[in-house]
Every structure is written in C-alpha cells, then in structure tokens.
Amino acid sequence: MKKNLCWLRRDLRLKDNHALGRALTEGNETFLCFVFDTRILSSLNDPLDRRLTFIIESLQEIEKQLQDYGSSLIILHGDPVEEIPRLMKDKNLDALYYNRDYEPYAKLRDQKVEKKLHALNIKTYSFKDHVFYEKEEIKNGSGKYYQVFTPYKNKWLETFYNQEKVVPHFNCPSEKLAKHFGDKNVLRHDWWTEIGFIKTKNEIKGGREDGKKKLRQFRKSISHYHETRDFPFLNATSHLSAYIRMGNISIREMINAALETESKGADVWLNEIIWREFYQMILDSHPEVEKHCYRRQYDQLKWEGKKKDFQDWCNGKTGFPIVDAAMKCLNATGFMHNRLRMIVASFLTKTLLIDWKKGERYFAEKLMDYDLASNNGGWQWCASTGVDAQPYFRIFNPVTQSEKFDPEGEFIRKWCPELIYLSNKEIHSPHDIEDYPAPIVSYQEQKVKALKMFKLIE
DNA sequence: TGAAATGTTGGGGCG
DNA sequence: ACGCCCCAACATTTC
C-alpha cells in the first residue's frame, strides 16, 4: 500500500498535471495539498491582493471536482518546510510528488523540504511540468546556455520538431485519489478570512474552466494575432497569462493550441510561449538576475530619477496619456497589455531615469499574471541590462508609440476620461487640459540624459 | 518589439 | 525640351 502526497503549487489543475499523474499511477492512494506559504503572504503589501482571490477560486474549483471523486483538498497555512513534512508524518505518507519551480526562493524551499523528508525516510519526486523544455534540454553547440533569443528559439523549434512527435498529455486517474476530507473546507465561502484574506472583485476568475473558456475564445482569432496583438484597444491577445502562471492550463495545452491552426498568427503566438521558456531558463541558470542586472556592469548605472516622478508613474499622473492610461489600467485591473508594458517600462527607465528594479517590483505587486522570470526578463530587456536586451540607445517616444499603437486614442479615452473630447490628433500629447497634468518631464531632455547615463558605463 | 538626423532618389511644377 | 528647385518617400546612419 503506497500512499502519496501531491503538493500543488503553481499547477492548479487536475488534468494534464505531470506530478499528479505520476503520483496517482505509482501509488495506491494519493492525497492532494496546497500550502498558503506564510513567507510569501507576509511579503505581500496589500491584503486585497488580487492573486489570492484568483488562487482561492482555482482551489475552490479543484475542491469541487475532488468532492465529486469522493476526495478533498488539504489546505495548509504556514511555512511549507515545516508543514509538508508534518503532514506527511501525521498521515503516514510514503512519497511526495511535485512539479518543479525555477524561482530562487522556490528552489531553496523545495530543497529544504526534500532534505527534511529524506531524513524521515520519505521519498520525493519532482517533475518537469511548468515548462516544455528545461534548461538542460536547450543548449548551444558548445553546451552552453543561450544568451540570445533567436538562436534559442531556433534550437527550441528544431528540438521540438525533431524529437517530439506529439505533445505529451499526462493522465490523472481519479479513482486513485484518497477518500478523504481536508481540514479546511475551501467551498465554505469565508474560510480564508480566518487567515486574514479579503476577497477582491476581479475581471478574470481563477480556475481551469475560465482558462479553457479564454483559450477557446482566443483560438477563434489566433490566425490574426500577428497583425492585431500590438494594439491594446483591440484586446487581441489571449489573456491567458494568469492562467498559465497558476497552471490552470498546462503549457502543453497552450502549445497544442498554437500548433492546431497553421498560421502566421499561431507561429507568432508560439514565439511568445518560447520567450517565456527562454526567460524561465535564464532565471533557472542565472538566479542572480533576480537582484542584479544580467550584464553586471550595469549595476553601476546612476539612476537619477526622482521619487516624486516614480509616484506619478505609479499613479498614472505623468502627463503622457498612453503611459497614464496604461498605469491606471494596471492599478484598476491587475492587467496590462504587453505593448503598454514595454512603453511604460521604457518610460520609467529611459525617460524618468528610474531603476528598472523599482518598476519591476511595482509590477510584481500589481500584476495578476506576475511571474518572476518573465517580468524580470521583460524589464531587463526594456532597460537594456538583460539577455538579448534592446540596445540602450533604443528609446521609446511615448507620443510616437501612442500614435502608432492607439491611433484613434481609444485605449486612452477608456482610462483617461478627462481627455475623451480631444481629437485623435491632440489626444497623444494634450496641452492645458483641466484635470490633466502637464508632462512631468521633457522627453527630449531626458533622452539625452539617458544616453549619457549609459555611455558612462559602456 | 526605435527615433531622429542625414542622405538619396525621383516626379512634378515652373521658368 | 531642359535645368532647377522642392519635397515626399524611402534608405542609411547614428545614438
């Protein structure tokens, strides 16, 4: 009689889950648990953090399904390094199954958990699930990790088309779930208030059902993705980022969706998935990028931006409509279109001259889909301090970008109602509008300073 | 997944 | 018909 524990973390689904599938097939009875990690929770600044609601919704859905199978989810609250071994000892479980996470904190945590369990004679098994290829699988001719995206992508695709005839799917036979009811009933609508959570009202609901709905919806327009994706008002992106972040949808399901329609749009979307894999690989192989510039000499950059400007950027009060609209959207919804992320990141770093790490932290606080690897990679790309970053002299002009990607000002009008009556021509760079701030800096002057700042390091 | 300055080309207006 | 200028439109260079 082999009793297993599958520890869910950022893989909140019961279908196509590698660790769960293996736990179920290799054991006689499998328990499922999720830990609200107090170390992570205590680092959150906001009790109204949207992501907690998303996670709770995902867990509620899982609990409902488990109850249909006569099982239940075990919810723990504490430090996983203590909680997981305690649970396994209490229930006399034989082996732990989990999917690997490539963030520095998670790697250290999992290492500690394993060490404790091994001391208790409990076996541990970890699996690749969160990415399609792990860092060791995609390397260049001389056995090194890629530093440039395009050759990485080529190798990724070559590997994919040469080796993988099909995208694997992991079966999760539900009959082997433990007949068990957890200590906390996640269906009870207010149990989380006991540990200090407050539920938020979000535009998107957590869980696999809603993720699948989004994917189904996106499939209809995926063939146009390459033409429409850059225009925030069109909402032509998949909006799946939060679902892939929490694992409501598996990476294999995403890749399958990209492969099923042969089109330019689907290729470009797959490309974005490969960017995600690229940054996961970078974080796994270079954990120091969490706190430092990938190109370490840029840790010396003298960011001279003012605190007040940072506040204005956060609050969407810079006087540059596209930037302000984007930030208000982020603050109100926890989401921001990718094009806008690039615009506001370029603006913060190269126009306001504020360290990318401050912007990266702000996004970490606000984004529903926040993922350390992608967020850090994206910010360092924009700030020109990272792997395969844009050259430092590539500086976005917020007005030009606005004219190009929101030509009719539709996105701006949605989030800056005080500008609603301006013409398409005026709206990108308004003057003397009541209730709307004048530009807090001169783009032209700041651009010169940015170039100087980088030249000092070069 | 720039922007802006500078250089080149070619068609049209006009003396 | 011709040269000259103007100026888009496009290409190249620079940061």
Side-chain angles (χ1 to χ4, degrees), chain A residues 146-154 156-157 222 224-238 241 258 264-279 282 294-295 297-298 301-302 320-323 326 335-353 356 359-360 363 367 369 371 373-407 411 428-429 439 441-458:
Chain A
Y146 286 100
Q147 301 190 46
V148 180
F149 176 70
T150 305
Y152 173 87
K153 176 192 74 178
N154 292 339
W156 194 102
L157 287 169
I222 191 171
H224 300 291
Y225 177 75
H226 62 298
E227 300 158 338
T228 52
R229 68 188 195 115
D230 262 323
F231 299 92
F233 191 75
L234 293 182
N235 267 323
T237 53
S238 73
S241 48
K264 182 86 202 294
D267 288 348
V268 172
W269 193 61
L270 180 61
N271 219 45
E272 297 303 307
I273 293 175
I274 302 173
W275 268 106
R276 172 180 177 277
E277 301 251 314
F278 180 60
Y279 285 139
I282 294 296
Y294 176 84
R295 305 190 208 186
Q297 72 270 29
Y298 285 135
L301 284 170
K302 301 251 183 303
F320 292 83
I322 195 74
V323 174
F335 186 79
M336 193 193 289
H337 186 282
N338 183 56
R339 167 58 54 179
L340 300 173
R341 295 187 199 199
M342 292 193 289
I343 295 173
V344 303
S346 182
F347 187 79
L348 184 78
T349 54
K350 293 177 180 175
T351 303
L352 296 182
L353 309 177
W356 63 267
E360 195 271 346
F363 272 26
L367 280 173
D369 61 25
D371 183 293
S374 300
N375 192 51
N376 183 289
W379 272 95
Q380 294 220 45
W381 183 88
C382 286
S384 303
T385 64
V387 264
D388 199 17
Q390 60 175 347
Y392 71 80
F393 45 77
R394 203 178 277 175
I395 298 171
F396 284 46
N397 180 328
V399 177
T400 310
Q401 287 283 313
S402 184
E403 288 165 347
K404 255 193 213 166
F405 298 110
D406 191 27
F411 182 81
H428 308 287
S429 180
V441 293
S442 148
Y443 163 74
Q444 297 296 343
E445 286 171 18
Q446 296 297 101
K447 180 182 171 171
V448 175
K449 290 190 203 163
L451 292 172
K452 272 191 196 151
M453 172 177 77
F454 275 95
K455 260 220 165 115
L456 273 176
I457 304 299
E458 203 178 26

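First the proteins, then the strands, lettered A, B, ... as listed; each starts at 1. Just so it is clear, the model here is predicted, and its values are computed rather than measured.
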Report the nucleotide, chosen from B:dA4, B:dT1, B:dG2, that has the shortest atom-to-atom distance to any side-chain atom of A:F393. B:dG2
A:R229 has an atom CZ; how far is it from atom P of B:dT1, in whole Å? 8 Å
Can you identify which nucleotide, out of C:dC15, B:dG2, B:dA3, has its nearest atom closest to the A:N397 side chain? B:dA3
In whole Å, what is the span from the CZ atom of A:R394 to the P atom of B:dT1? 9 Å
Scan A:K404 against the nucleic acid and name what it touches under 4.0 Å (heavy atoms): base, sugar-phosphate only, or nothing. sugar-phosphate
Quick one: are the ring centres of A:Y392 and A:F454 less than 6.0 Å apart? yes
From CG of A:L451 across to C1' of B:dG2 the rounded distance in Å is 12 Å
Rounded distance in Å - CZ (A:F347) to P (B:dA3): 14 Å
Return the value, rounded to whole Å, for the distance between atom CZ of A:F454 and atom C1' of B:dA3. 16 Å
How are the rings of A:W275 and A:Y279 set to each other: parallel, tilted or perpendicular (split at 30° and 60°)? tilted
Starting at CZ of A:R276 and ending at C1' of B:dT1, how long is that distance when rounded to a whole Å? 20 Å
Base, sugar-phosphate alone, or nothing: which one does A:F149 contact when heavy atoms must sit under 4.0 Å apart? nothing
Closest listed nucleotide, where the reference is the side chain of A:Y443 and the choices are B:dG2, C:dC15, B:dA3: B:dA3
Separation of C:dC15 atom C1' from A:K455 atom NZ, nearest Å, is 6 Å
A:Y152 vs A:Q147, test: side-chain hydrogen bond (donor to acceptor under 3.5 Å, both in side chains). Steps then yes/no. CA-CA 8 Å; A:Y152 173 87; A:Q147 301 190 46; over 6 Å; no
Between B:dT1, B:dG2, B:dA4, which one does the side chain of A:Q401 approach most closely? B:dG2
Would you say a side-chain N or O of A:Q444 is under 4.0 Å from OP1 or OP2 of B:dA4? yes
Without hydrogens or angle criteria, can the side chains of A:Q380 and A:N376 be said to hold a donor-acceptor pair below 3.5 Å? yes
Is the number of heavy atoms from other residues, nucleotides or ligands within 6.0 Å of CD (A:E445) greater than 12? no
Please determine whether a side-chain nitrogen or oxygen atom of A:R339 lies at a distance below 4.0 Å from atom OP1 or OP2 of B:dG2. yes
Between C:dC15 atom P and A:M453 atom CE, what is the distance in whole Å? 18 Å
